[in-house]
There are 2 protein chains.
Amino acid sequence: MTSLPSLLGDIDPTSDRAVFRQIADQLREAIDRGRFKESEKLPSEAELVEHYGVSRMTVRNSFSVLQGEGLVHAEHGKGVFVRPRPPVRRLASDRFARRHREQGKSAFIVEADAAGSHPQVDSLEVKEAKASQDISTRLGSVRRVLARRRRYLLDGRPVEFATSYLPLDIARGTQIAEPNPGPGGIYARLEELGHHLDHFDEEIRARMPAPSEVKTLRLASGVPVIHLVRTAYDTEGRAVEVCDTVMAADAYVLSYQLPAT
Amino acid sequence: MTSLPSLLGDIDPTSDRAVFRQIADQLREAIDRGRFKESEKLPSEAELVEHYGVSRMTVRNSFSVLQGEGLVHAEHGKGVFVRPRPPVRRLASDRFARRHREQGKSAFIVEADAAGSHPQVDSLEVKEAKASQDISTRLGSVRRVLARRRRYLLDGRPVEFATSYLPLDIARGTQIAEPNPGPGGIYARLEELGHHLDHFDEEIRARMPAPSEVKTLRLASGVPVIHLVRTAYDTEGRAVEVCDTVMAADAYVLSYQLPAT
DNA sequence: CAGGCCTACTCGTATAGACGAGTTGGCAAG
DNA sequence: CTTGCCAACTCGTCTATACGAGTAGGCCTG
């Protein structure tokens with residue numbers, strides 16, 4: 001059992017700061033300074049108990065602080081590790097530009113291939129359903145919709161979960177209602193059906209995930225989600241699609257370009 | 001001491017699910033179903049200990065799960081409460097349109113007044129500094145910058161903390177270097193100086209806050225931050241400002257409009 | 001050599017108890 | 001009536017202990 005001499009200091013018993021917070025502070029600083037590198041194992045609970053002369057629950061408490069900050073993650077039977085920052089996927093504001101749609105493959109696949117990652121799409125589900133209050137409002141008082149669910153993975157890791165809602169009177173009986181919507185995706189099909197796209201509205205929120213989202217996206221603790229709701233409008237001003245997307249926040253950077261006029 | 005009869009069920013000792021998770025599940029469901037309303041007090045630790053027949057640490061453990069999800073918050077000496085969703089500030093993508101700038105007051109003040117909130121701006125600090133690597137890159141290899149820091153509050157609650165960086169050769173000696181940049185803000189001054197704004201790039205990330213951000217924004221546990229970095233370009237393609245903003249995620253919805261072309 | 005087992009180490013869950021500190025409301029003293 | 005104190009209730013911190021369960025590596029057996 002090593003004594004972790006230079007890496008970590010001591011507890012100041014006269015401080016008002018709780019012991020577990022002092023320990024968390026020292027570990028956090030050590031991580032920030034690069035004393036512990038990405039994916040590196042932190043000292044075990046037992047080692048820290050020995051080093052600081054505190055009880056195990058106190059050490060665990062300090063770990064849970066760092067977990068809540070998304071700095072570390074624990075692996076049962078292995079140890080506590082500095083959480084690596086995964087490669088991020090950049091979403092540019094021109095990602096739905098028509099020129100991208102005309103190339104055939106979906107934006108997600110093209111982009112991931114270009115970045116050298118292995119993309120996958122799964123849990124594809126297409127069904128007709130009643131619109132929720134919110135979706136109905138966004139689509140302009142539509143009652144029934146076609147719902148297309150899917151999950152996106154990069155190199156085996158789930159990063160995004162999305163559901164598209166389209167008015168049934170538009171989508172029913174078209175290729176949009178098929179599992180594979182064909183080249184260019186549903187936006188290409190909408191345009192073929194005469195719904196020329198004019199613009200998109202995107203609403204962005206960030207929050208902690210619900211338990212079901214933790215499961216679907218295999219989220220580590222301390223990782224928020226980005227919740228994006230996009231509404232597509234055609235040139236007649238009609239909302240023709242609402243896409244509700246939940247993304248693992250540590251895997252994304254969203255990027256927008258705004259005119260200054 | 002009440003028995004909390006109908007609100008909460010029992011523990012299933014045969015389940016693999018940990019007891020504290022089962023308790024958290026029941027509390028979460030009760031909150032979701034509205035059995036506990038916003039700002040309402042949950043049963044005290046002692047009551048739950050009695051109801052479920054578990055130890056206090058187990059109950060606390062389940063509370064900490066819900067805190068991590070941002071669902072509840074504890075107040076020392078009072079109890080554990082359902083966290084209210086604060087009113088959100090909507091940031092539209094046209095918020096920097098020139099027509100808004102020409103009205104004089106800052107966008108933040110105008111908007112908040114319109115929404116019936118009481119806006120404040122504090123911790124104003126203006127100083128010259130060396131650009132960080134990141135800022136320097138975004139501004140096009142600028143070494144020294146003018147940094148303008150400020151914090152925004154709504155009804156006394158801090159919601160946003162921002163720092164603007166401008167190349168020193170542009171800002172030095174102008175009103176931009178004064179604490180009060182005058183009507184229309186620094187963008188109006190930049191245009192008067194001949195830097196006609198062309199467009200903005202915004203990069204958006206979400207993550208858990210660092211301890212200093214928790215302090216500055218008085219964040220409850222389980223509340224992520226939205227990190228937005230905006231770069232302003234003039235009509236000559238030069239980056240004339242970078243604004244680094246950290247927002248309390250529970251107080252904001254960002255909204256963008258994208259062309260479909 | 002291959003396979004399986006065993007052991008030591010890791011974190012996960014849970015109990016029981018102690019003391020500290022913030023809050024609230026009632027009661028007693030002035 | 002007002003003031004101040006006190007008691008009861010709240011969550012916060014910390015200790016000590018116990019057992020469960022996942023992991024990894026070495027060792028033993030076939």
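Computed from a predicted model, the values in this text were never measured in an experiment. Below, read A as the first sequence line, B as the second, and so on, with proteins coming before strands; counting in each chain starts at 1.
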Please determine, for the side chain of A:R60, which listed nucleotide (D:dG12, D:dG20, C:dT13) has the closest atom? C:dT13
For DNA chain D, whose closest nucleotide is more 5', that of B:K78 or that of B:M57? B:K78
Integer-rounded Å distance: C:dA8 C1' and A:E47 CD: 14 Å
Is atom NZ of A:K215 surrounded by more than 12 heavy atoms (other residues, nucleotides or ligands) closer than 6.0 Å? no
Does any donor atom in the side chain of A:E160 or A:Y252 lie under 3.5 Å from an acceptor atom in the other side chain? yes
Per atom distances to the B:A46 side chain, the nearest of D:dT15, D:dT10, C:dG12 is D:dT10
Roughly, in whole Å, what's the span from CG in A:L42 to C1' in C:dC11? 13 Å
d(CZ, B:R17; C1', C:dT13) in whole Å: 13 Å
For side-chain contact (heavy atoms from CB on, under 4.5 Å), just list the numbers for B:V80 and B:Q67, CA-CA rounded to whole Å, side-chain angles, deciding distance to a tenth of an Å, and then say yes or no. CA-CA 10 Å; B:V80 177; B:Q67 268 190 58; 5.8 Å; no
Measuring only between side-chain heavy atoms, which start at C-beta, is A:V54 closer than 4.5 Å to A:F20? no
Please pick, from C:dT10, C:dG22, C:dA14, the nucleotide with the shortest atom-to-atom distance to any side-chain atom of B:A18. C:dA14
If you only use heavy atoms from C-beta on, which nucleotide in C:dC11, D:dC14, D:dT10 is closest to the side chain of A:E45? C:dC11
Winner on side-chain proximity to A:T58, out of D:dT15, C:dG20, C:dC11, is D:dT15
Expressed in angstrom and rounded to an integer, what is the separation of A:H76 atom NE2 from C:dC11 atom P? 9 Å
Step-by-step side-chain contact (heavy atoms from CB on, under 4.5 Å) determination, B:K130 to B:I135: CA-CA 10 Å; B:K130 194 163 87 60; B:I135 298 297; over 6 Å; no
Can you identify which nucleotide, out of D:dT10, D:dT15, C:dC11, has its nearest atom closest to the A:V80 side chain? C:dC11
Presence of A:S55 side-chain N/O under 4.0 Å of D:dC14 phosphate oxygens OP1/OP2: no
With a 4.0 Å limit, can you tell me whether A:R21 has a side-chain N or O closer than that to the phosphate oxygens OP1/OP2 of D:dT13? yes
Can you see if the side chain of B:R56 gets near the phosphate of C:dT15 - specifically, an N or O under 4.0 Å from OP1 or OP2? no
Considering only heavy side-chain atoms of B:A74, the closest of D:dT10, D:dG12, D:dG22 is D:dG12
Gap between atoms CG and C1', on B:N61 and C:dA16 respectively (whole Å): 15 Å
